[in-house]
2 protein chains.
Amino acid sequence: MTDEFECDRLDRRRRAITDAARALFIEQGFERTTLGQIVERAGGSLATIYKLFGNKEGLLDAVVFEKAASGENLIREIAQCGASPADTLRRLAAVLYERFLDPDDVALVRIVIARSIDDADFARRFFESTAMHTRRALERTFAQWEAQGVRLRGSPDMLAEVFLGLMVSDMQTDAISHGVVARPSAERIAARIEFFLRGAGLA
Amino acid sequence: MTDEFECDRLDRRRRAITDAARALFIEQGFERTTLGQIVERAGGSLATIYKLFGNKEGLLDAVVFEKAASGENLIREIAQCGASPADTLRRLAAVLYERFLDPDDVALVRIVIARSIDDADFARRFFESTAMHTRRALERTFAQWEAQGVRLRGSPDMLAEVFLGLMVSDMQTDAISHGVVARPSAERIAARIEFFLRGAGLA
DNA sequence: ACAATCGTGTAATGGATATTACACCTTCGC
DNA sequence: GCGAAGGTGTAATATCCATTACACGATTGT
C-alpha cells in the first residue's frame with residue numbers, strides 16, 4: 001500500500017536527510033558537522049547522500065535554498081490589504097522582525113557568510129534569492145504609493161534600503177555578537193517604525 | 001648597533017607574522033590559511049609561531065584585536081568640535097562609512113562571524129571591543145545634546161542604535177552578499193543622513 | 001672569541017573526515 | 001515466489017594540516 005505521502009521513497013529519504021542536515025548545521029555549523037552524524041540521525045547511508053546530493057556542498061545548497069522563500073510574497077500580501085502606508089509599514093515591520101530574528105534563520109545566515117569565504121558565488125545566489133527580492137518588492141510598493149499621490153521624502157529605493165536596514169541590522173548584529181545584545185522589545189521596535197515614518201514624511 | 005626600531009627582535013618577528021597572517025586571512029579566510037603559508041610569507045618558522053601565539057587561534061586573536069581600535073575616540077573627537085548636532089552627525093557619518101566599508105574590515109568581520117560558529121565567546125569579545133564601544137559613545141553624545149537643551153525625537157539609545165544601523169547595514173549587506181550590491185554613492189549616503197535628521201527631529 | 005640562549009628548518013606524529021568501493025539485503029513488479 | 005534494481009552498512013582510501021620533536025646555526029652579552 002503506497003501512502004500518498006510516500007509515493008516516492010527517495011523523496012522521503014531526501015527529506016529525512018535534509019531535515020537532519022539542517023538541524024545539525026544549525027546546531028554545529030557546516031564544517032563541524034560530519035556526513036557520518038547526518039547519516040546517524042537520518043538513517044540511510046553515505047552512499048545515498050552522494051547519490052542524491054553529489055557531495056557535502058550539494059547538501060548545504062539543498063538545505064539553504066529549500067527554505068529561502070523570499071519575503072516577496074509577504075510584502076505583496078500585506079501591501080495589498082489597502083491599509084494606509086503608515087499602517088502597512090507598521091504591520092510589515094512586525095512580520096519582518098519576527099522572521100529576521102528567528103534564531104534558526106540567524107544561524108543559517110552565519111553559515112552562509114562563513115561558506116561565502118570559500119565560495120563567493122554561493123553567498124551571491126543566497127542574497128539574490130532572499131534579500132534582493134524583498135528589497136525590490138518593497139521598492140515597488142513605495143513607488144506605487146507615490147504614483148497614487150502619497151508624498152514621500154526620499155526615493156523609493158533609498159527608502160526601501162533604509163527600512164530594511166532598520167529591520168535587518170538587528171539580525172546582523174545578532175549574527176555577529178552571538179547574543180550579546182538583547183533583542184529589541186516591542187516598544188523599541190515601535191519607536192523605530194515611528195522614526196522611519198517621520199523620516200519618510202509619512203507622520 | 002641596535003636600531004631603535006629593532007630594539008627587540010621578537011617584536012619584529014611578531015609583527016612580520018601578524019602582518020602575513022592578516023593578509024592571508026583576508027585573502028583566503030582562517031580555515032583555508034595554513035600555518036605553513038604564513039611561515040612561507042613571513043619567514044621564521046612554525047616553532048616561533050607557537051612560542052609567540054600558542055596556537056593558530058591565538059594568532060587569529062592577535063590579528064583581529066590588534067586593529068580593533070574602536071570608533072570610540074573618533075566619535076568623541078568629532079563630537080567635541082562644537083559644530084551643530086546636524087553637522088556633527090553628517091561628518092560622523094562620512095567617517096564611519098569610510099571605515100565600515102573598507103573591504104579588509106569587511107573580510108575580517110566575515111572571519112569573525114565564521115569563527116563564532118565554533119567559538120561564540122570570540123564573537124562576543126569582538127563585538128564588545130568594537131561596535132559596543134561605538135554605540136555607547138554615540139549614545140552619550142546624544143544624551144549630552146539633550147542635556148544642553150537640544151530637542152530629540154526618541155531616546156538616546158534608540159537613536160544611537162538606528163544611526164549605527166543605517167551606517168552598518170551596508171557593511172553587513174556586503175559581508176553577506178559578497179559585492180552583489182554596489183556600495184552607496186555619496187549622494188545616497190547624504191540622503192540617508194538627512195533622513196535620519198528628520199526622524200530624530202533635528203531638521 | 002666563547003658559550004649559552006634562542007630562533008630556524010625539517011621532518012615526524014596523529015587525528016579527523018570527505019569520498020569511494022564493495023558485498024549484502026530489501027523492495028517491488030511480474 | 002522470483003529476479004532485478006537499487007538502498008544499506010562497513011570498511012578502505014587518501015589527503016590535509018595542526019601540533020610537536022629535534023638537531024643545527026645564528027646572535028648576543030661578556
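Both backbone and side-chain heavy atoms feed into the values below; hydrogens, waters and symmetry mates do not. Throughout, a chain's letter reflects where its sequence line sits, starting with A, and its residues are numbered from 1.
Taking only side-chain atoms of R13(B), from C-beta outward, the nucleotide of dG7(D), dA18(C), dG7(C) with the closest atom is dG7(C). Nearest to the side chain of Y50(B), among dT19(C), dA18(D), dA11(C), sits dA18(D). Nearest nucleotide to the side chain of S45(B), out of dT8(D), dT20(D), dT8(C): dT8(C). Among the nucleotides dG9(D), dT20(C), dT19(D), the one closest to any side-chain atom of L46(B) is dT19(D).
DNA chain D lies under 4.0 Å from no heavy atom of any residue of residues 113-123 of chain B. Near DNA chain D, meaning a heavy atom under 4.0 Å from it, residues 52-61 of chain B has N55(B), K56(B) in order of number. Sorted by residue number, the members of residues 16-37 of chain A with any non-hydrogen atom under 4.0 Å from DNA chain C read T33(A), T34(A), L35(A).
Residues L60(A) and F53(A) have side chains not in contact (no heavy-atom distance under 4.5 Å, counting atoms from C-beta outward). No side-chain heavy atom of I113(B) sits under 4.5 Å from any side-chain heavy atom of F126(B).
With respect to the salt-bridge test (charged N to carboxylate O, under 4.0 angstrom), the residues R124(B) and E128(B) do not qualify. Between R14(B) and E66(B) there is no salt bridge, since no side-chain N of the basic residue sits under 4.0 Å from a carboxylate O of the acidic one. With salt bridges taken as basic N to acidic carboxylate O contacts below 4.0 Å, one links E57(B) and R115(B). A salt bridge links R192(B) and D170(B); the closest N-O separation between the charged side-chain nitrogens and carboxylate oxygens is under 4.0 Å.
Remark: E31(B) pairs with E31(A), D118(B) by the side-chain contact (heavy atoms from CB on, under 4.5 Å) rule, at least two apart or across chains. Scanning for ring-ring contact (aromatic ring centres under 6.0 Å, His included) contacts around F196(A) gives F163(A), F195(B), with sequence neighbours left out.
Computed from coordinates, the K51(A) NZ to dG9(D) P distance equals 15 Å when rounded to whole Å. If you measure from atom CD1 of I38(A) to atom P of dT8(D), you get 15 Å, rounded to the nearest angstrom. In this structure, CZ of R12(A) is placed 16 Å from P of dG7(D), rounded to the nearest angstrom.
The main-chain N or O of A191(B) is never found under 3.5 Å from a side-chain atom of E194(B) such that the two would form a donor-acceptor pair. At distances below 3.5 Å, not a single donor-acceptor pair connects side-chain atoms of R91(B) with backbone N or O atoms of I78(B).
Residue G44(A) is in sugar-phosphate contact alone, with no base atom involved, counting any heavy-atom pair closer than 4.0 Å across all strands shown.
Sorted by first and then second residue, the side chain to side chain donor-acceptor pair (under 3.5 Å) pairs involving residues 101-114 of chain B (not counting sequence neighbours) are R110(B)-H178(B).
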